[in-house]
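Ligands are counted one by one from 1 in listed order, and the atoms in each one are counted from 1 as well. Values below: every heavy atom of this structure, side chains too, minus hydrogens, waters and symmetry copies.
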Amino acid sequence: MDGSRHSAKNKRIILITVENLPIDGSKLINTRVFNDNRGSFEVFWEQDLLKAKDISFAPTNAHHSYNSRTNTLRGMHFQKAPHGQNKLVSCISGKAWDVMVDLRADSSTFGKWHATELSAASGNAVLIPAGCGHGFITLQPNTTIAYLIEGEYIPDAGRVLRWDDTKVAIQWPCKDPILSEKDATAPDWEQCEF
Ligand SMILES: Cc1cn([C@H]2C[C@H](O)[C@@H](COP(=O)(O)OP(=O)(O)O[C@H]3O[C@H](C)C(=O)[C@H](O)[C@H]3O)O2)c(=O)[nH]c1=O
């Protein structure tokens, strides 16, 4: 009995593959999307599947971000230490260009950014370590980004780095995005408190 349960668990591990991304500690997670005549089913996150890949991630919050228009940009957001949050980010409708920037002074990739195209159909997700800024720009209308977040929401610890900061120099696909007032007036690298 144990053996079959164990082999069944091993079989399930192929439901998810994990690759390292260029920002230290960040991962690209590819989950299996089961398509059939009704639509699809995706195992977006399962603690054991990630644990089997030596990834400990225990979400405390989950969020959806619905964006009606293409070129809507949210970011670059983070919570100041010690309130950093690990984020598992995926796209559950539409398509987005998702960006992380390393704000950890002791990291080998400090100041570097990396972008991943996320879409509902792809079944991919990015695991963004605490201490990184996160943002995205939508590539289609009606794009919803889903987050699983490990780490309490502490409003007073919330910080924003300008999306178009010239030191980080993220190569966004759009130069004139739709922004919130908060993001449009965010500080640059020199003024940002991280
Ligand atoms: C983040 C957060 C927000 N809120 C409330 C606060 C505001 O009244 C409202 C909208 O918040 P905000 O305008 O900061 O939402 P976004 O601009 O989409 O920010 C998010 O988008 C970027 C890309 C992220 O990575 C973060 O998840 C988050 O900062 O939700 C909460 O109640 N709990 C929360 O954890």
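Within 6.0 Å of NZ on K112 lie no more than 12 heavy atoms contributed by other residues, nucleotides or ligands.
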If you look at each N/O of ligand 1, which protein N/O atoms lie under 3.5 Å away, and at what distance?
from, atom 1, to, atom 2, distance (Å)
ligand 1, 14 (O), K182, NZ, 2.7
ligand 1, 18 (O), R74, NH1, 2.7
ligand 1, 19 (O), H77, ND1, 3.0
ligand 1, 21 (O), H77, ND1, 3.4
ligand 1, 21 (O), Y147, OH, 3.3
ligand 1, 25 (O), K87, NZ, 3.0
ligand 1, 25 (O), H134, ND1, 2.7
ligand 1, 29 (O), H77, ND1, 2.8
ligand 1, 35 (O), H63, NE2, 3.4

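Between W97 and T138 the shortest side-chain heavy-atom distance does not fall below 4.5 Å. Within the 4.5 Å cutoff, no side-chain heavy atoms of S26 are placed close to those of I128.
Checking H134 against D98 by side-chain atom types alone, a donor-acceptor pair falls below 3.5 Å.
Through ILVMFWY side-chain contacts below 4.5 Å, I178 is grouped with nothing and stands alone.
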request  = Assess whether ring-ring contact (aromatic ring centres under 6.0 Å, His included) is satisfied between Y147 and W45, documenting all intermediate values.
outcome  = CA-CA 11 Å; Y147 303 79; W45 169 76; over 10 Å; no
